Amino acid sequence: MKHESADIVTLGGGMASLSLIVALLLRGYRGRIIILEQLVTPNADKTWCFWGKGSVPRYLQPLIRQQWPQWSASHNGHEVSQSSRNGKNDYCCILAEDFYHFAFTLVEQNDNVSFFAGQSVIDAQEQAGEVRVRSRDYDIVAQHCLDTRYQPDSSEQGFYQCFAGLWLEADQALFDPSKVELMHNLECHGGTLQFDYVLPLSSHQALFERTFFSPQPLLVEDLTRETEQAIISRYGNIDINVQRREQGILPMIVTAPPVDTGCWHYAGTAGGHMRSATGYAFVSVQRWAQVVAVNLIDHQVWPDYQPIKNRYRWMDKIFLRVLAKKMDIAPALFMRLLEQTESDQFARFMTERASYRDLFAIIKAMPKRPFLNALY
Ligand SMILES: Cc1cc2nc3c(=O)[nH]c(=O)nc-3n(C[C@H](O)[C@H](O)[C@H](O)COP(=O)(O)OP(=O)(O)OC[C@H]3O[C@@H](n4cnc5c(N)ncnc54)[C@H](O)[C@@H]3O)c2cc1C
């Protein structure tokens with residue numbers, strides 16, 4: 001067992017931890033950081049999307065692989081689409097492999113950061129204003145602990161956003177690279193909403209995900225089969241190469257975010273950074289990372305931070321209540337949302353940059369009765 005001391009120890013070395021470490025290092029942080037990660041090699045099978053290049057810090061913008069000026073949803077053969085005005089709110093994607101490469105290159109260049117892979121946290125406790133963390137090979141004492149271990153709470157009521165995605169490469173032009181299909185072929189069966197999410201990198205290459213909003217987590221094997229069937233029913237039984245896979249079972253549950261103490265802090269999915277009605281977390285994590293980095297470096301304090309503002313939490317909660325009561329109207333709700341809001345309003349709402357006017361437009365787009373019923 002090796003004994004170590006640090007200013008910050010992170011429990012988990014995924015998107016949230018690395019986002020903070022990158023933000024700190026790029027502002028010149030020289031404190032000692034230790035990352036404890038249970039996996040031996042990071043899970044890079046993720047694609048992080050968001051609206052608006054300017055929603056993420058400048059240093060991440062070169063990592064954007066692709067941006068799309070248009071996004072759409074469809075239901076019963078009817079399609080509705082939105083186009084970003086003057087490119088400011090294009091839909092953008094960063095591949096996890098590019099993000100990890102960027103973050104780990106920075107970590108290697110800074111001798112104040114150590115990444116300990118294959119080290120599952122066995123015990124972590126706060127003791128007299130410090131934290132003590134143990135893994136198989138390390139016993140670490142630190143001033144601050146950043147906890148990103150997510151533990152689903154099965155007693156909470158809500159939905160799970162479940163999907164298995166396949167990165168497809170076809171030898172013929174199958175996809176329209178100018179447009180992301182956010183929710184194609186929306187349909188509702190037995191209290192579960194289903195749709196296809198298609199992210200085309202070119203006319204020959206796309207990420208295809210059959211996605212479910214389900215009251216229970218679904219099995220990955222079933223999700224993969226559903227995605228394969230959706231691909232066949234959409235494109236026929238043609239020759240398509242599967243390059244990579246990614247999958248997710250994201251909680252769509254509104255819970256109060258865990259409370260930080262002076263030295264114990266939470267982030268990422270574990271810290272309530274994920275929007276419960278959408279599953280998006282990348283932008284809110286980057287925003288938080290900036291605030292923490294500035295405060296730690298300039299003022300030597302870890303700031304109190306509310307990951308998702310109350311107004312979004314409240315709106316997501318009401319929306320999820322409507323889905324719980326009347327899932328069959330969900331396709332119509334999503335179609336109305338795109339039909340009756342302006343693209344920039346929708347993009348700002350999805351990335352927590354909405355003005356009150358934007359929020360009013362979102363509320364106005366929704367049918368009144370089911371939302372009023374969901375209030376009580
Ligand atoms: C496939 C997929 C696609 C997504 N797409 C988007 C998207 O397009 N846009 C968006 O905004 N959000 C998206 N999300 C949601 C969210 O941004 C991601 O889940 C994001 O990775 C969350 O960051 P995190 O740091 O909380 O978790 P992770 O990135 O999963 O990091 C947590 C780390 O902690 C480690 N860990 C856990 N327990 C322990 C332990 N006991 N000891 C040591 N290490 C431990 C894990 O191995 C992991 O590496 C997506 C999620 C998934 C799964």
Side-chain angles (χ1 to χ4, degrees), residues 9-22 34-52 55-56 60 64-66 68 71 91-97 99-100 103-104 115-124 133-138 140 145-152 160-167 180 182 197-199 207-209 211 217 220 223-224 227 244-252 257-258 265-289 307-308 350-352:
V9 58
T10 75
L11 314 188
M15 189 270 280
S17 296
L18 292 172
S19 296
L20 177 62
I21 291 164
V22 165
I34 294 177
I35 307 162
L36 283 179
E37 169 54 51
Q38 65 183 359
L39 301 176
V40 177
T41 42
N43 173 6
D45 291 336
K46 280 180 193 161
T47 312
W48 288 304
C49 293
F50 51 89
W51 279 265
S55 305
V56 297
L60 292 182
I64 293 173
R65 269 287 174 116
Q66 187 100 337
W68 297 264
W71 51 89
Y91 195 65
C92 303
C93 95
I94 291 180
L95 303 188
E97 64 186 75
F99 174 82
Y100 283 128
F104 286 125
F115 184 85
F116 297 148
Q119 297 294 322
S120 183
V121 173
I122 297 168
D123 186 39
V133 181
R134 283 188 301 122
S135 67
R136 190 189 58 207
D137 300 330
Y138 295 94
I140 301 161
C145 162
L146 179 66
D147 195 349
T148 67
R149 299 166 299 165
Y150 172 64
Q151 278 139 6
Y160 293 87
Q161 185 177 153
C162 309
F163 53 89
L166 302 181
W167 274 100
V180 168
L182 282 183
Y197 174 77
V198 187
L199 197 72
L207 171 65
F208 190 106
E209 289 173 0
T211 305
V220 172
L223 292 167
T224 305
T227 297
R244 283 194 297 120
R245 290 163 190 272
E246 58 180 72
Q247 69 222 24
I249 297 184
L250 311 180
M252 300 179 78
H265 317 277
Y266 297 89
T269 310
H273 282 110
M274 191 182 283
R275 277 286 287 280
S276 52
T278 67
Y280 287 87
F282 192 75
V283 166
S284 68
V285 165
Q286 302 315 319
R287 228 171 253 144
W288 156 84
I308 304 284
M350 295 298 281
T351 43
E352 298 95 58

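Note that ligands are numbered from 1 as they come in the structure, with each ligand's atoms numbered from 1 the same way. Just so it is clear, the model here is predicted, and its values are computed rather than measured.
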**OP:** With side chain to side chain contact (heavy atoms under 4.5 Å, CB included) as the test, would you mind laying out the steps for H273 and W288 before giving the verdict?
**Re:** CA-CA 9 Å; H273 282 110; W288 156 84; 3.4 Å; yes

Original post:
Yes or no on ring pair (Phe, Tyr, Trp, His ring centres under 6.0 Å) for Y138 and F116, after CA distance, side-chain angles and deciding distance?
Top reply: CA-CA 9 Å; Y138 295 94; F116 297 148; 3.9 Å; yes

**OP:** Tell me, with the steps shown, if T227 and E209 meet side chain to side chain donor-acceptor pair (under 3.5 Å).
**Re:** CA-CA 6 Å; T227 297; E209 289 173 0; over 6 Å; no

**OP:** Applying side chain to side chain contact (heavy atoms under 4.5 Å, CB included), run through Q286 and F50 and close with a yes or a no.
**Re:** CA-CA 11 Å; Q286 302 315 319; F50 51 89; over 6 Å; no

Subject >> Test side chain to side chain contact (heavy atoms under 4.5 Å, CB included) applied to R287 and E352, step by step >> reply: CA-CA 10 Å; R287 228 171 253 144; E352 298 95 58; 3.5 Å; yes

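Which parts of ligand 1 touch Q247 is read off a 4.0 Å heavy-atom cut-off, strictly below it: atoms 1 (C), 53 (C). In summary, the atoms of ligand 1 found under 4.0 Å from a heavy atom of T269, numbered by their order in the structure, are 22 (C), 26 (O). Near L36, meaning under 4.0 Å from any of its heavy atoms, are these atoms of ligand 1: 43 (C), 44 (N). The contact set between ligand 1 and F163, taken as ligand atoms under 4.0 Å from a residue heavy atom, comprises 1 (C), 2 (C), 3 (C). For ligand 1, the atoms closer than 4.0 angstrom to any heavy atom of L250 are 51 (C), 53 (C). Annotation for ligand 1: atoms under 4.0 Å from non-hydrogen atoms of G268 are 26 (O). The distance from ligand 1 to the heavy atoms of E246 drops below 4.0 Å at these ligand atoms: 1 (C), 3 (C). Of all the atoms in ligand 1, the ones that sit under 4.0 Å from a non-hydrogen atom of L39 are 47 (O).
Polar contact check, M15 against ligand 1: a nitrogen or oxygen pair lies under 3.5 Å apart. Ligand 1 has a nitrogen or oxygen under 3.5 angstrom from a nitrogen or oxygen of A16. No N or O atom of A267 sits closer than 3.5 Å to an N or O atom of ligand 1. Below 3.5 Å of separation, one finds no N or O of Y197 facing any N or O of ligand 1.
Residue Y150 does not touch ligand 1, judged by heavy-atom distances below 4.0 Å. The proximity of Q38 to ligand 1, defined as any non-hydrogen pair under 4.0 Å, involves the side chain as well as the backbone.
Scanning for salt bridge (Lys or Arg N to Asp or Glu O under 4.0 Å) contacts around R245 gives an empty result, with sequence neighbours left out.
Residues F104 and F115 place their aromatic rings such that the two centres sit under 6.0 Å apart.
When Y280, F282, Y91 are each tested for a ring-ring contact (aromatic ring centres under 6.0 Å, His included) with W48, only one passes: F282.
Atom 31 (O) of ligand 1 has as its closest protein heavy atom G14 CA, 3.2 Å. The protein heavy atom nearest to atom 42 (N) of ligand 1 is V121 N, 3.0 Å. For atom 28 (P) of ligand 1, the closest heavy atom belonging to the protein is K46 NZ, 3.8 Å. Ranking the protein heavy atoms by distance from atom 38 (N) of ligand 1 puts R149 CG, 3.4 Å first. For atom 34 (O) of ligand 1, the closest non-hydrogen atom on the protein side is G12 CA, 3.2 Å. Protein heavy atom in closest approach to atom 8 (O) of ligand 1: C49 N, 2.7 Å.
Look at K46 and E97 and you find no salt bridge, because none of the NZ, NE, NH1 or NH2 atoms lies under 4.0 Å from a carboxylate O.
Under the 4.0 angstrom criterion for non-hydrogen atoms, W48 is in contact with ligand 1. Judged by the shortest distance from any of its heavy atoms, Q119 lies inside the 4.0 Å radius around the atoms of ligand 1.
T211 and Q161 form no side-chain donor-acceptor contact under 3.5 Å, judged by distance and modelled atom types alone.
A 4.5 Å side-chain heavy-atom check between T10 and I21 finds at least one atom pair inside the cut-off. In this structure the side chain of V121 never reaches within 4.5 angstrom of the side chain of Q38, judged on heavy atoms.
For atom 47 (O) of ligand 1, the nearest non-hydrogen atom from the set E37, R245, Q151 belongs to E37. Closest heavy-atom approach to atom 5 (N) of ligand 1 within the set T47, I94, L146, L207: this belongs to T47. By heavy-atom distance, the residue among G279, A281, S284 lying nearest atom 14 (N) of ligand 1 is G279.
Summarising the geometry of P257 relative to G271, their closest heavy-atom pair is CB-O, 3.8 Å, with the distance given to 0.1 Å.
Of the possible polar contacts, one joining the E37 side chain to the G13 backbone as a donor-acceptor pair under 3.5 Å is found.
Atoms CZ and CG, on R134 and L36 in that order, are 12.0 Å from each other to the nearest 0.5 Å.
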